[in-house]
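Labels below follow one simple rule: chain letters A, B, ... track the order of the sequence lines, proteins then strands, and each chain is numbered from 1.
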2 protein chains.
Amino acid sequence: MVRRSGEATREEIRVAAARLFRERGFARTSVRDIAALAVTNPALVIRHFGTKELLFLDTMRFTIDDEPLLDVPLERFGERFIDVVLSQDDIRGVYLALVRGSNEAQIKVRLQAIHERTFVEPVRARLAGPDADVRARIAAAVVGGLLYALWVVEDEALLAADRDELIARYGALLQQALTGPTSPRPTAAPPR
Amino acid sequence: MVRRSGEATREEIRVAAARLFRERGFARTSVRDIAALAVTNPALVIRHFGTKELLFLDTMRFTIDDEPLLDVPLERFGERFIDVVLSQDDIRGVYLALVRGSNEAQIKVRLQAIHERTFVEPVRARLAGPDADVRARIAAAVVGGLLYALWVVEDEALLAADRDELIARYGALLQQALTGPTSPRPTAAPPR
DNA sequence: GTCTATACCTTGATAGAC
DNA sequence: GTCTATCAAGGTATAGAC
C-alpha cells in the first residue's frame, strides 16, 4: 500500500467519516467501516482522532449561508428563512446525525450550539424590543419543527407537498412568530 | 433466589427496560443493565423479547389523554393542545428515546405512527376543507418543534420561561396554523 | 513521525445444561 | 422457564515495525 503523509491520511479518514456519519448516523457507523473506506485500519482512526465521538464532532459541522437573509425586509424574513434552510442540501445529513446522536453528551452540546448559532441568532439579530429573545427562540423552535417533521419523522405528505406552497405556508407561520401579535386572534378587536 | 413465574419475570424485565430506556435512551442502555435491574440475566431478556429493539418497542409507547381536546372550541384549540402536550409528564422520556433511537428502522416507524396518531390526527379531526390535511401536518410539525426545542435541544431560556406565557405564545402560533390565513400578512387587505 | 498487528473489554445474541 | 458459557462485532489501546 502507498505511504501517505499523516495529514493526507487524516483527511481521508475525515472524508470517509463525514460520508458515513451523514448516510448512516453515529450509531450505525463503525470505526472499522470508516477505516475500510479510508483504506486504513481502525487503530489509526483512533490514533488520529482519539475517539469515534471526537471524530464525529470533527466532521459534523455546517454553517448556513446567511447572506440571503440580510437584504430581505423584515416582513418577508419568515418565508426567506424557510427557503434558505430548505435549499441548503448539506444541512440535512448533519442535522439528522446530530439529532439522533444527541444521546451522547458532547453531541447534544454541539446540537445546542448549532441551534443557537443557525436558528436563534440570525432571527434575533433582526428583532428589537423586550421580547426579541423569546420570539427568536420560539421562531427557532418552529423552524426546528419543520426539519423534524421532514427529516426525522419523514412525514410523507409534507415531503410530497409542493415546495413553494410549503415555503409560503410555513414561512407565513414563522413570520407570525417574528412580527405577529401574541394573542391568538389577530384580526379581532382586543378584549375589553 | 426466588423462582418467579414466567409472566412475573417478563413484567419485571419490562418495567426495568421502560425505566432505563426513558432515562438513558436506546443506545446507552445495555441488555445487561436491564437484566441486572430486573434481577435476572441477559439471556432471559433476549429469550423473552427476541432482541433489544423489540423490547424497546414493547415498552416505549404512550397515548395522550385527548379528552380535554374535545370540548374546547376550535378558536382555542391551539392553546389547549400545547397545554395538554406539556402537561403529560410521561410523554417526554418516550418521545426523546424514540427521536434519538430513530436511526433504527423499526423505531422510526414507531415514531411516525405516534406522530401521526398523537399530533396529526387529533388536529385533522377538528378541521374541514380541502387543506385540512396540510394544515394538520404543518400544525403537527409546529408542535413537534416545541418538543424538539424543549427536550432534544434543551433550549435553556425556553425551559426557564414562564409556563403560561409559553403556552399562550406558542398556542397562538399553533392556532394560526389551524385557523389563520395562509398569506403572511393577516391584518392587511388581500392583494388586488 | 506513520502505520500495522494484535489484543482487551463491552455488548447483543445463541446453545445447551438443568 | 432459567441459567452458564460462549460467540461475534465493535470501540479502544499499545507495542513495535517501517
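- Separating the CZ atom of B:Arg10 from the P atom of D:dT2 is a distance of 11 Å, rounded to the nearest angstrom.
- As a whole-Å value, the separation of A:Leu20 CG from D:dG10 C1' is 15 Å.
- For residues 89-102 of chain B, the side-chain hydrogen bond (donor to acceptor under 3.5 Å, both in side chains) pairs, not counting sequence neighbours, are A:Arg100-B:Ser102, A:Ser102-B:Arg100.
- Ion pair A:Arg24/A:Asp33 flagged as a salt bridge, since at least one NZ, NE, NH1 or NH2 atom sits closer than 4.0 Å to an Asp/Glu carboxylate oxygen.
- Over its length, the helix from C:dG1-D:dC18 to C:dC18-D:dG1 turns its helix axis by 10°, as judged from the five terminal pairs at each end, rounded to 10°.
- In the displayed structure, A:Glu156 atom CD is contacted under 6.0 Å by at most 12 heavy atoms of other residues, nucleotides or ligands.
- Sorted by first then second residue, the ring pair (Phe, Tyr, Trp, His ring centres under 6.0 Å) pairs that include residues 68-87 of chain A, not counting sequence neighbours, are A:Phe77-A:Phe81.
- Qualifying side chain to side chain donor-acceptor pair (under 3.5 Å) partners for A:Asn41, counting only residues two or more places apart in sequence or in other chains: none.
- Put simply, A:His48 has no side-chain N or O that comes within less than 4.0 Å of OP1 or OP2 on C:dT2.
- Between B:Asn41 atom CG and D:dT6 atom C1' there is a gap of 14 Å when expressed in whole angstrom units.
- For A:Tyr148 and B:Tyr148, the ring centers are positioned 6.0 Å apart or more.
- Classification of A:Glu11 and A:Arg14 as a salt-bridged pair holds, one side-chain N sitting under 4.0 Å from a carboxylate O.
- Partners of B:Phe49 under the ring-ring contact (aromatic ring centres under 6.0 Å, His included) rule, at least two apart in sequence or in another chain, do not exist in this structure.
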Provide a list of protein-nucleic acid N or O atom pairs under 3.5 angstrom, restricted to nucleotides 9-15 of chain C.
residue : atom : partner : partner atom : Å
C:dG12  : OP1  : B:Lys52 : NZ           : 2.9
C:dG12  : OP2  : B:Val31 : N            : 2.7
C:dG12  : N7   : B:Arg32 : NH1          : 2.7
C:dG12  : O6   : B:Arg32 : NH2          : 3.1
C:dA13  : OP2  : B:Lys52 : N            : 2.9

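- An OP1 or OP2 oxygen of C:dT4 is reached within less than 4.0 angstrom by a side-chain nitrogen or oxygen of A:Thr40.
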